[in-house]
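This is a predicted model, so every value here is computed, not measured.
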Amino acid sequence: MSSSAEVEKGVVTAEVEAPRGNRSRFAFACAILASMTSIILGYDSGVMSGAAIFIKEDLKLSDVQLEILMGILNIYSLEPSSFVVPFSWGLPTNYPFIMVGRFVAGIGVGYAMMIAPVYTADVAPATSRGFLSSFPEIFINIGILLGYVSNYFFAKLPGHLGWRFMLGVGAIPLVCLAIGVLSMPESPRWLVLQGRLGDAFKVLDKTSNTKEEAISRLNDIKRAAGIPEDMTDDVIVVPNRKSAGKGVWKDLLVRPTPA
């Protein structure tokens, strides 16, 4: 870790220093990228309201089939890849094909709605954690607006092309996400659980207002993970580590931690 950090009674400490400017900008960027997947849920809600008419005419769907197509995404999202989803929406030539696209979209949306808030809360400093954790909900509304805008512009195309462009253009935010995710760090909590304390501290240092705050957050994560306070090396072997999430549901239902 940093040379200015010291070990006092087994706990990593550092001298108090003045804030080094707005260090939450990196966390802000990570929160935006993580929440961009929520645009797909909002975009789907908005764009399907206009595309449904053209889909019904082009694929010769019945009212029941159209109703299932419109509402099935929320069911698929319950089962928590998304990059090809908008393309699979726009390419179908029949009803089963587009339903497969909706299924894959639902899986991606379900994962996104669970992962984005947790990742954002883990990366964000305490001073802006609540604000940044609300980004997924904000991006849903942005997606709805973009869906309406897409309907307006592509409705002027021939019926068999308009709805395909309406759905396919939803790939744009995911292309941006696929590029931006390369610069996103792993979650500090995940890094600690892997024994990579040095890497976890680097991430926390980038997203904390002061080095003292970063070290304090690292110590809190170590205590929550059951890592002894005297283990301060950059790479350690995590004691009594649970693998593959074994026992998670049992702990959640039988031994929940107090709020």
Side-chain angles (χ1 to χ4, degrees), residues 26-48 71-86 88-89 99-126 128-144 146-147 170-171 173-194 200 203-204 207 217 220-221 224-225 241-259:
F26 185 74
F28 186 84
C30 291
I32 289 179
L33 289 172
S35 302
M36 284 186 67
T37 50
S38 300
I39 290 182
I40 285 297
L41 178 58
Y43 185 82
D44 174 82
S45 301
V47 78
M48 286 300 291
I72 200 66
L73 185 74
N74 293 327
I75 297 178
Y76 288 155
S77 299
L78 295 177
E79 262 188 67
S81 85
S82 298
F83 179 74
V84 298
V85 168
S88 65
W89 289 348
M99 285 296 290
V100 171
R102 299 284 284 173
F103 173 75
V104 179
I107 297 294
V109 167
Y111 271 117
M113 294 306 295
M114 290 190 300
I115 294 174
V118 175
Y119 175 84
T120 301
D122 199 21
V123 172
S128 57
R129 187 169 297 143
F131 169 67
L132 296 181
S133 297
S134 68
F135 275 20
E137 285 73 23
I138 296 174
F139 275 60
I140 289 176
N141 291 284
I142 294 175
I144 293 174
L146 293 177
L174 293 182
V175 171
C176 298
L177 176 62
I179 297 174
V181 75
L182 300 176
S183 61
M184 294 173 63
E186 290 91 348
S187 161
R189 194 171 301 271
W190 181 85
L191 290 171
V192 169
L193 292 175
Q194 303 305 309
V203 175
L204 292 170
T207 59
R217 292 172 63 188
D220 289 341
I221 296 174
R241 176 185 169 190
K242 292 182 179 180
S243 60
K246 293 181 179 178
V248 172
W249 284 105
K250 183 178 180 181
D251 290 341
L252 178 63
L253 299 175
V254 180
R255 296 187 296 270
T257 56

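- The two residues Ile144 and Ser45 make their nearest non-hydrogen contact at CG1-CB, 4.4 Å.
- Under the side-chain hydrogen bond (donor to acceptor under 3.5 Å, both in side chains) criterion, Asn141 pairs with no residue at all, not counting sequence neighbours.
- Sorted by first then second residue, the salt bridge (Lys or Arg N to Asp or Glu O under 4.0 Å) pairs that include residues 182-194, not counting sequence neighbours, are Asp122-Arg189.
- Residue pairs meeting the salt bridge (Lys or Arg N to Asp or Glu O under 4.0 Å) criterion with at least one partner in residues 32-43, sequence neighbours excluded, are absent.
- Closest non-hydrogen pair, Ser133 versus Thr120, comes out as N-CG2, 3.9 Å.
- Taking the side chain as every heavy atom from C-beta outward, Arg217 and Thr207 approach each other to under 4.5 Å.
- Nearest approach of Pro185 to Tyr119, heavy atoms of both residues: O-OH, 2.7 Å.
- In this structure, the side chain of Ser183 engages the main chain of Gly180 through a donor-acceptor pair within 3.5 Å.
- A heavy-atom distance below 4.5 Å is found between the side chains of Val123 and Pro188.
- Considering CZ of Phe26 and CE of Met184, their distance stands at 8.5 Å, rounded to 0.5 Å.
- Put simply, the side chain of Ser38 does not reach to within 4.5 Å of the side chain of Phe135, judged on heavy atoms.
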